[in-house]
Amino acid sequence: MSGAPTSNEAFNKSAQEVKNLTGTPSNEEMLELYALFKQSTVGDCNTECPGMMDFAGKYKWQEWNKHKGTPVETAQTKYIEKVESLKAKYN
């Protein structure tokens, strides 16, 4: 069967392409990318919020938790769109 790639195939392709950016995205862009990736692969945030001294972990947890309830397909689409915008900006 050929044709347009499935959402899963496009998501996996985007996950590989983002590793090849020639520039470095901002911390905010990286957090959003992380959260959309986690929502796409794990679903709703399923861990305890890190302690107050784990600043990076807490920011990542908070960003992921913002997407709670977002269906996997929607998160994948948003992830793909984010990667495309980063490619346009950093390549």
Side-chain angles (χ1 to χ4, degrees):
M1 193 177 216
S2 62
T6 65
S7 180
N8 227 12
E9 289 170 343
F11 172 78
N12 291 333
K13 182 178 182 231
S14 291
Q16 289 303 312
E17 290 175 342
V18 77
K19 295 175 185 176
N20 299 320
L21 295 174
T22 55
T24 304
S26 70
N27 288 339
E28 292 80 16
E29 290 168 327
M30 291 300 291
L31 279 172
E32 182 179 1
L33 206 57
Y34 167 82
L36 290 169
F37 183 85
K38 292 294 276 187
Q39 190 69 25
S40 295
T41 57
V42 177
D44 287 345
C45 186
N46 59 2
T47 61
E48 297 267 332
C49 184
M52 77 175 154
M53 296 310 289
D54 181 1
F55 297 111
K58 190 170 186 175
Y59 286 129
K60 288 164 73 174
W61 186 91
Q62 288 172 336
E63 188 67 28
W64 181 13
N65 203 42
K66 284 182 190 175
H67 296 279
K68 190 174 195 167
T70 301
V72 168
E73 297 80 17
T74 302
Q76 285 182 341
T77 299
K78 288 181 179 183
Y79 181 87
I80 293 164
E81 290 169 354
K82 184 66 178 177
V83 170
E84 289 302 312
S85 73
L86 293 175
K87 284 170 40 183
K89 188 174 181 180
Y90 295 106
N91 278 344

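The aromatic rings of Phe11 and Phe37 sit parallel, their planes meeting at an angle under 30°, below the 60° perpendicular limit.
Around the OH atom of Tyr59, the shell of radius 6.0 Å holds no more than 12 heavy atoms that belong to other residues, nucleotides or ligands.
Annotation for Leu36 and Ser40: closest pair O-OG, 2.8 Å, computed over non-hydrogen atoms. The two residues Gly69 and Asp44 make their nearest non-hydrogen contact at N-OD1, 2.6 Å. Shortest non-hydrogen contact noted between Asn20 and Asn91 is O-OD1, 3.8 Å. Across Ser14 and Val83, no two heavy atoms sit closer than the pair O-CG1, 3.7 Å. Of all non-hydrogen atoms in Trp61 and Pro50, the two that sit nearest each other are CB-CD, 3.6 Å.
Contact annotation: the side chain of Asn46 approaches that of Trp64 to within less than 4.5 Å [non-hydrogen atoms, C-beta and beyond]. Counting heavy atoms from C-beta outward, Lys38 and Lys60 have side chains that stay 4.5 Å or more apart.
Salt-bridge formation is detected for the pair Lys87/Glu84: a Lys NZ or Arg NE/NH1/NH2 atom is positioned less than 4.0 Å from an Asp or Glu carboxylate oxygen. A salt bridge links Lys66 with Glu63; the closest basic N to acidic carboxylate O contact falls under 4.0 Å.
With hydrophobic clusters built from ILVMFWY side chains whose heavy atoms lie under 4.5 angstrom apart, Leu31 does not share a cluster with Leu21.
One finds the OH atom of Tyr90 at 10.5 Å from the OG1 atom of Thr22 (value rounded to the nearest 0.5 Å). To the nearest 0.5 Å, the span separating NE2 on His67 from OG1 on Thr74 amounts to 11.5 Å. Atom-to-atom distance recorded for Glu32:CD and Leu86:CG is 8.0 Å, nearest 0.5 angstrom. Residue Glu73 holds its CD atom at 9.0 Å from CG of Asn8, rounded to the nearest 0.5 Å. The distance from atom CE of Met30 to atom NZ of Lys82, rounded to the nearest 0.5 Å, is 10.5 Å.
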